[in-house]
Amino acid sequence: MSIRTRFAPSPTGYLHIGGARTALFNYLFARHNNGKFVLRIEDTDVARSTKESIDAILDAMNWLGLDWDEGPFFQSQRFDVYREHAAALLEKGLAYRCCCTAEELEKRREEALKAGLPPKYDGRCRERAVEPDLPYAVRFKVPPGATIVDDVIKGRISFDNSTIEDLIILRSDSTPTYNFCVVVDDATMGMTHVIRGDDHINNTPKQMLLYSALGYDLPVFAHLPMILGQDRARLSKRHGATSVMAYKEMGYLPHALVNYLARLGWSHGDQEIFSPNELIEKFSLDSVGKSSGVFNPEKLLWLNHHYIKESPPEALSSLLIPFLEERRVAAEKGPRLSAIVKTLKERSKTLKEMADNALFYLREGVEYDPRAAEKFLLPENIAVFKTLIERLEGLEAFTEAEVEAVFSSILEEKGLKLGKVAQPVRVALTGSAVSPGIYEMISAMGKELTLKRLREAVIYMEKGAGV
RNA sequence: GGUCCUAUCGUCUAGAGGCCUAGGACGUGGCCCUCUCAAGGCUAAAACACGGGUUCGAAUCCCGUUAGGACCGCCA
């Protein structure tokens, strides 16, 4: 039988890190097995579901490259299917009408909690003979016995049915609830494997009971351990960015996030770096760990830097443009962007950082850092600068090698160390005492801009000499 | 409170009874390289939660303790 998995987010917010990993594992498992990966939107809570959330989730899935084969299916469009299933259960006496009001139930729950008792529905409508003329919800009649979950990741887990309450499957407005929809959908959509967060473990026996009441075959369950924040509590906003798209905005590469998430809870020996295809090829539920893991932004940053270093400058350039526009500099005007990017890859951990580092290349004038100027733009350097300008002017291609040759000749003639010349030139060209390597930077900057800035620096130094 | 899950360096993890004086990676410290900053190379510190078993032998199996976590909605 062909493998089918699904990712089923509820559209009540953006796609977060935890959801993305669940989606990724479902995707990888399906792809690895040449199966199908289905996207389903769980929007039965009409009040909380929004179109914006749906779009946001789809955008994030696309950005991560988690393409799905079927869907998105919407539960809100399948209410008839759920009602038919509920009617069948009612018919067979496996479900019943409950007239308790939400307020009553809430009150009883609080009292039970206060008394230290399990806040479980007492089943008072279960055996009632007559149906009063009142609004009702439909509850599933949980049978006695025990339910065994054979989880691929966690192993065998046993639940005593007496700890499970008669859950509502249809609300009093006749809309279906989560546990019921999941079962009906997973069964009718032919899911072979249900891979989800282990916060759903306690739902699993309820769902299994529903499968059997409905007469459907069980899927294989695989419960992924949670992703925690630094304080080991479930990952949430207060731990920092949890939205997938926030990482895009911070200048992360999608595959860096994917690689990071894959290794959080899954491993393949000592390997850390996986290409997308390698992930598909090597993924297996057998090597998913059981214990929850702490989200580590530093390691993600390292991976991002790794992939920036590996990426061709041309690809990076086009990704960088939106970040440059954000900073109101036009990339087209400056030296060729990919030449710039090439000098920045080693020292930019994110695209955002790279955009900041690229500013000195692209802005009109140079703004000297006072401390750097004070230390390096000294009158004694005027002569060297003039020689340098002269010789650079004579260059044709302005390659890194040519530039280096010019520096070498001057250094040798004047008996200077490179540092004595490179630092002042660096400040002259960038305004800062920190920058990419001097030859590569000059080459990337191009003849015209380099000479312009060197000449401006000479003027600056000449003024300083008079003071 | 009840149900359930989990437990190897600070963090992610390797480890499926002897290969473990426990390996890799991130981070941290040091050294090297060096035109600054990076990158890179080398190196150091750093862990089997605890207590009982089982076994010739346990990080690995079993039990208990402890500690974390999740869930207990007419939310999903």
Side-chain angles (χ1 to χ4, degrees), chain A residues 8-12 42-45 47-49 75 98 100-102 105-106 109 112-121 135-139 149 151 154-155 157-160 163-165 167-179 181-182 197-205 223 225-226 228 230 232-234 260 263-273 286-287 289-303 305 309 344-349 357 372 376 407 411 417-423 425-427 430 432-439 441:
Chain A
S10 71
T12 53
E42 310 226 321
D43 56 352
T44 55
D45 187 344
R48 293 205 302 157
S49 300
Q75 291 188 328
C98 171
C100 302
T101 66
L105 293 167
E106 183 55 30
R109 181 174 303 114
L113 242 21
K114 216 182 292 172
L117 296 166
K120 194 186 135 192
Y121 177 65
Y136 62 86
V138 177
R139 279 187 192 270
V149 180
D151 191 276
K154 303 279 185 175
I157 307 166
S158 166
F159 293 86
D160 186 336
T163 63
I164 305 170
E165 73 169 2
L167 59 144
I168 288 175
I169 58 175
L170 239 44
R171 303 183 182 99
S172 45
D173 65 0
S174 86
T175 58
T177 59
Y178 168 72
N179 281 113
C181 296
V182 170
D198 71 10
D199 48 338
H200 284 289
I201 281 193
N202 289 309
N203 284 326
T204 308
H223 286 96
M226 296 276 91
L228 312 176
Q230 243 75 2
R232 307 204 73 91
R234 190 184 176 143
Y260 177 72
R263 278 289 284 101
L264 220 196
W266 172 80
S267 61
H268 184 77
D270 281 341
Q271 191 172 346
E272 296 287 349
I273 306 294
D286 299 337
S287 16
K290 299 179 176 195
S291 52
S292 49
V294 174
F295 184 80
N296 183 350
E298 309 244 81
K299 188 158 181 182
L300 169 58
L301 195 59
W302 168 75
L303 268 167
H305 191 19
K309 284 184 287 181
L344 264 20
K345 289 204 302 175
E346 306 291 306
R347 50 212 110 213
S348 308
K349 291 192 202 301
N357 291 338
F376 295 113
F407 271 78
L411 257 29
K417 290 260 194 188
L418 177 56
K420 282 299 265 185
V421 182
Q423 279 307 84
V425 169
R426 173 169 280 120
V427 178
T430 72
S432 156
V434 176
S435 87
I438 199 81
Y439 311 133
M441 179 178 69

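In what follows, every chain begins at residue 1, and chains take the letters A, B, ... in the order their sequences are listed.
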inquiry  = Could you check whether the side chain of Gln271(A) and the base of G24(B) have a donor-acceptor pair of N or O atoms closer than 3.5 Å, going by distance alone?
reply    = no
key: C1' gap between G51(B) and C4(B), integer Å   = 24 Å
message = Between C5(B) and A47(B), how far apart are the two P atoms, rounded to whole Å?
response = 30 Å
request  = In whole angstrom, give me the gap between the P atoms of G24(B) and G41(B).
outcome  = 14 Å
Pairing partner of U6(B) (Watson-Crick or G-U wobble, both distances under 3.5 Å) = A67(B)
task = Tell me the partner of G57(B), counting only Watson-Crick (N1-N3 plus N6-O4 or O6-N4) or G-U wobble (N1-O2 and O6-N3) with both under 3.5 Å; none if nothing fits.
result = none
message = Does the structure show a Watson-Crick or G-U wobble partner for A22(B), both distances under 3.5 Å? Name it, or say none.
response = none
query = Touch check for Thr430(A), heavy atoms < 4.0 angstrom, all strands: base, sugar-phosphate only, or nothing?
reply = nothing
query = If you measure only the distance, is there a donor-acceptor pair under 3.5 Å linking the side chains of Arg426(A) and Ser435(A)?
reply = yes
request  = Could you tell me whether Glu42(A) contacts a base, only the sugar-phosphate backbone, or nothing, with contacts defined as non-hydrogen atoms closer than 4.0 Å?
outcome  = sugar-phosphate
query = In B/S/- notation, 5' to 3', how is nucleotides 67-74 of chain B contacted by protein heavy atoms closer than 4.0 Å?
reply = --SBB-SB
request  = Take Cys98(A) and Tyr121(A), measure what side-chain contact (heavy atoms from CB on, under 4.5 Å) needs, and give me the verdict at the end.
outcome  = CA-CA 11 Å; Cys98(A) 171; Tyr121(A) 177 65; 3.3 Å; yes
task = Give a yes or no on this: more than 12 heavy atoms of other residues, nucleotides or ligands lie within 6.0 Å of atom NZ of Lys420(A).
result = no
key: Identity of whatever pairs with G27(B) - Watson-Crick or G-U, under 3.5 angstrom   = none
request  = Heavy atoms under 4.0 Å is the rule here; annotate nucleotides 32-39 of chain B 5' to 3' with B where the base is hit, S where only the sugar-phosphate is, and - elsewhere.
outcome  = ---BBBBS
task = Could you check which nucleotide pairs with G73(B) in any of the strands shown, counting Watson-Crick or G-U wobble with both distances under 3.5 Å?
result = none
ask   = Can you tell which of C5(B), U13(B), C12(B) lies closest to the side chain of Lys154(A)?
value = C5(B)
message = Give me the distance, rounded to whole Å, that separates U66(B) from G23(B) when you measure between the C1' atoms they each carry.
response = 29 Å
key: Atom-pair distance (CG on Leu303(A); C1' on G27(B)), nearest Å   = 13 Å
request  = For nucleotides G10(B) and A49(B), find the distance between their C1' atoms and express it as a whole number of Å.
outcome  = 16 Å
task = Identify whether any heavy atom of Phe159(A) sits under 4.0 Å from a base atom; if not, whether one sits that close to sugar-phosphate; answer base, sugar-phosphate or nothing.
result = sugar-phosphate
key: Out of C5(B), A76(B), C12(B), whichever nucleotide has its closest atom nearest the side chain of Ile157(A)   = C5(B)
task = In whole angstrom, give me the gap between the P atoms of U60(B) and G73(B).
result = 38 Å
message = Taking C20(B) as the reference, what is the distance to G53(B) when you measure between their C1' atoms (whole Å, please)?
response = 23 Å
inquiry  = Say we look at G69(B) and A22(B): how far apart would their P atoms be, to the nearest angstrom?
reply    = 31 Å
query = Can you tell me if Tyr260(A) uses its side chain to pair, donor with acceptor, with the backbone of Asn296(A) under 3.5 Å?
reply = yes
message = Which nucleotide, if any, forms a Watson-Crick or G-U wobble pair with A39(B), using both distances under 3.5 Å?
response = none
message = Strictly by Watson-Crick or wobble contacts shorter than 3.5 Å, is anything paired with A14(B), and which nucleotide is it?
response = none
query = Which distance, rounded to the nearest 0.5 Å, do you find between the CD of Glu165(A) and the CZ of Arg139(A)?
reply = 6.0 Å
